Engineer: 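Would you mind keeping the following structure in view while I ask a few things?
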Amino acid sequence: MGFADQRFNVNLSILFTELPLLERPAAAAAAGFTAVELWWPWIDSPTPEQSELDALRAAVEDAGVRLTGLNFYAGRLPGPDRGALSLPGEESDRFRANVDVAAAFAKSLGCTALNALYGNRVEGVDPAEQDRLALENLVLAARAADRIGAILLIEALNRPESPLYPLVSAPAAIEVVDKVNEATGLDNAKFLMDLYHLSMNGEDLPRVIDAYAARTGHVQIADNPGRGAPGTGSLPLEELLGRLAGAGYEGWVGLEYKPGENPSAESFSWLPAGARAAR
């Protein structure tokens, strides 16, 4: 199996960022894609004006693409933040305020995967306290996702780029998945397997795939080193995605890579045009 056998979507928070947000869905469609995903687009507001939500919804609908993944509010991303749900005080409150807003927006576009970034460790705060708060907020998020028929994604990042983020291995993220599912009884928390982040952590990617493919709700890719398009680094991404498919993974593969100096539309030469539309 190769790239042409996968179901790809484009992350519009890292690709096509040379364009205004509302122009990106149409740009992805013009490049041949029929599915997109997003980090929470309003980094300063967990509860944007309804007019802003409506404008983005219309842009997605008018472009004829499907929103297949959405992050809950995660603070300044891109930027120094890596989530809000484990941060006591204002940021946790902002995450909670965002939960129903994000779920409602996802529902309006038929999106069935919501990603909740855990958040950085805070100096002077007991990690156990952060973990208790995180579980409490993840339970709220899982229940909100369940109400709209969606899954909740838990993502491992990489230690070199996110040194304060506690989930920097596949087993660490899976442990949180298990705790959330045990607390809710819903079994809708799943692992977000980002092959770039895991490779940056030095994990054995074939072993991770074999161990956790059945518990994976979404996959994201970028090459390493450089976090560029497939073929710009040394990761055998085509082989790894084939292994995932062989292990039973049939979900989306998010393109979450940096396009380089050229326009994003020029970064897809590795993927034949005929393989970009979701099947």
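Numbering of residues begins at 1 and proceeds along the displayed sequence. Note that the structure is a prediction, hence the values are computed from the model and not measured.
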Engineer: If you apply the rule side-chain contact (heavy atoms from CB on, under 4.5 Å), what do you find for V36 with L67, and how did you get there?
Structural biologist: CA-CA 5 Å; V36 299; L67 182 68; 4.1 Å; yes
Engineer: When hydrophobic residues are tied together by side-chain contacts of less than 4.5 Å, even through go-betweens, does V139 share a cluster with V101?
Structural biologist: yes
Engineer: Nearest 0.5 Å, what's the OG1-NZ distance between T17 and K258?
Structural biologist: 10.5 Å
Engineer: Does the pair R243 and E239 meet the rule for a salt bridge (Lys or Arg N to Asp or Glu O under 4.0 Å), with working shown?
Structural biologist: CA-CA 6 Å; R243 190 180 188 105; E239 175 185 327; 5.6 Å; no
Engineer: Are D100 and R143 close enough for a salt bridge, meaning some N to O gap below 4.0 Å?
Structural biologist: no
Engineer: Is it the case that E49 and W42 place a side-chain donor and acceptor less than 3.5 Å from each other?
Structural biologist: no
Engineer: Please assess R121 against D131 for the test salt bridge (Lys or Arg N to Asp or Glu O under 4.0 Å), listing each intermediate value before the final yes or no.
Structural biologist: CA-CA 10 Å; R121 290 304 194 202; D131 292 340; 2.9 Å; yes
Engineer: Answer whether the closest heavy-atom distance between the side chains of N11 and L255 falls below 4.5 Å.
Structural biologist: no
Engineer: Would you say the side-chain atoms of T216 pair up with the backbone N or O of H218, donor to acceptor, closer than 3.5 Å?
Structural biologist: no
Engineer: Strictly distance-based, threshold 3.5 Å: is any side-chain N or O of Q220 a donor or acceptor partner for the main-chain N or O of L192?
Structural biologist: no
Engineer: Are any of the side-chain heavy atoms of S162 and L164 separated by less than 4.5 Å?
Structural biologist: no
Engineer: Using a strict 4.0 Å threshold on nitrogen-to-oxygen distance, state whether E155 and R82 make a salt bridge.
Structural biologist: no
Engineer: Answer yes or no: is there a donor N or O on one side and an acceptor on the other, between the side chain of D223 and the main chain of S234, under 3.5 Å?
Structural biologist: yes
Engineer: Check P88 against Q130 and note the closest heavy-atom contact, atom names and distance.
Structural biologist: CD-CG, 4.3 Å
Engineer: Measure the CG-CG distance between L56 and L109 for me, rounded to the nearest 0.5 Å.
Structural biologist: 7.5 Å
Engineer: Is there a continuous path of hydrophobic side-chain contacts, each under 4.5 Å between heavy atoms, that joins L140 to L87?
Structural biologist: no
Engineer: Apply side-chain contact (heavy atoms from CB on, under 4.5 Å) to the pair D146 and T184, showing each step before the final yes or no.
Structural biologist: CA-CA 10 Å; D146 181 67; T184 65; over 6 Å; no
Engineer: Using the rule that Ile, Leu, Val, Met, Phe, Trp and Tyr join whenever any side-chain heavy atoms are under 4.5 Å apart, tell me whether Y196 and L38 fall into a single cluster.
Structural biologist: no
Engineer: With respect to F8, which candidate in F33, W252, F268, W270 satisfies the ring pair (Phe, Tyr, Trp, His ring centres under 6.0 Å) definition?
Structural biologist: W270
Engineer: Less than 4.5 Å apart, side chain to side chain, heavy atoms only: is that true for L117 and W40?
Structural biologist: no
Engineer: Do you know the tightest heavy-atom contact between P46 and N98?
Structural biologist: O-ND2, 2.9 Å
Engineer: Under 3.5 Å, is there a donor-acceptor pair between the side chain of N224 and the main chain of L235?
Structural biologist: no
Engineer: I need the minimum non-hydrogen distance between F16 and A265, along with the two atoms involved.
Structural biologist: CE2-N, 3.8 Å
Engineer: Assess whether atom CZ of R159 is packed by more than 12 heavy atoms of other residues, nucleotides or ligands within 6.0 Å.
Structural biologist: no
Engineer: Could you grab the distance from atom CD1 of I148 to atom SG of C111, nearest 0.5 Å is fine?
Structural biologist: 6.5 Å
Engineer: Is it true that D54 and R57 make a salt bridge, defined as a side-chain N closer than 4.0 Å to a carboxylate O?
Structural biologist: yes
Engineer: Distance-only, no hydrogens or angles: does the T34 side chain make a donor-acceptor pair with backbone N or O of A278 under 3.5 Å?
Structural biologist: yes
Engineer: Is it the case that over 12 heavy atoms from other parts of the model lie below 6.0 angstrom from the CD atom of E129?
Structural biologist: yes
Engineer: Under 3.5 Å, is there a donor-acceptor pair between the side chain of D62 and the main chain of P25?
Structural biologist: no
Engineer: Give, for atom CG of D210 and atom CG of L244, the distance between the pair rounded to the nearest 0.5 Å.
Structural biologist: 9.0 Å
Engineer: With rounding to the nearest 0.5 angstrom, report the CD1 to CZ distance, I221 to R227.
Structural biologist: 11.5 Å
Engineer: Would you kindly confirm whether L114 and L157 end up in one hydrophobic cluster when ILVMFWY residues are joined by side chain heavy atoms under 4.5 Å apart?
Structural biologist: yes
Engineer: Is it true that N115 and N71 share a donor-acceptor pair across their side chains at a distance under 3.5 Å?
Structural biologist: yes
Engineer: Are L186 and L152 close enough, and set up right, to give a side-chain contact (heavy atoms from CB on, under 4.5 Å), and what steps lead you there?
Structural biologist: CA-CA 10 Å; L186 297 172; L152 175 71; over 6 Å; no
Engineer: Within the structure provided, determine whether K179 and I154 are in side-chain contact (heavy-atom separation under 4.5 Å).
Structural biologist: no
Engineer: If every non-hydrogen atom of A150 is compared with every non-hydrogen atom of N188, which pair is closest and at what distance?
Structural biologist: O-ND2, 3.4 Å
Engineer: Between V65 and V10, is there a side-chain heavy-atom distance shorter than 4.5 Å?
Structural biologist: no
Engineer: Run the salt-bridge test on E136 and R132 with the 4.0 Å N-O cut-off and return the result as yes or no.
Structural biologist: no
Engineer: Would a distance-only check, ignoring hydrogens and angles, find a side-chain to backbone donor-acceptor pair under 3.5 Å from E37 to N9?
Structural biologist: no
Engineer: State, with a plain yes or no, whether a side-chain heavy atom of V219 is found less than 4.5 Å away from one of L241.
Structural biologist: yes
Engineer: Closest approach of G119 and P166, non-hydrogen atoms and distance?
Structural biologist: O-CD, 3.3 Å
Engineer: Going by atom types only, do S169 and E203 share a side-chain donor-acceptor pair under 3.5 Å?
Structural biologist: no
Engineer: For Y257 and L15, run side-chain contact (heavy atoms from CB on, under 4.5 Å): C-alpha distance rounded to whole Å, both residues' side-chain angles, the deciding distance at 0.1 Å, then the answer.
Structural biologist: CA-CA 7 Å; Y257 62 75; L15 285 157; 3.7 Å; yes
Engineer: Answer yes or no: is there a side-chain heavy-atom contact under 4.5 Å between R24 and L21?
Structural biologist: yes
Engineer: Given side chains that start at C-beta, do those of P48 and L53 come closer than 4.5 Å, heavy atoms only?
Structural biologist: yes
Engineer: Which residue in the set F72, Y73, Y118 passes ring pair (Phe, Tyr, Trp, His ring centres under 6.0 Å) when paired with F95?
Structural biologist: F72
Engineer: Restricting to non-hydrogen atoms, name the atom on A102 and the atom on L70 that form the minimum distance, rounded to 0.1 Å.
Structural biologist: O-CD2, 3.7 Å
Engineer: Would you kindly confirm whether I151 and V99 end up in one hydrophobic cluster when ILVMFWY residues are joined by side chain heavy atoms under 4.5 Å apart?
Structural biologist: no
Engineer: Can you tell me how far the CG atom of L12 sits from the CG atom of L22, to the nearest 0.5 Å?
Structural biologist: 11.0 Å
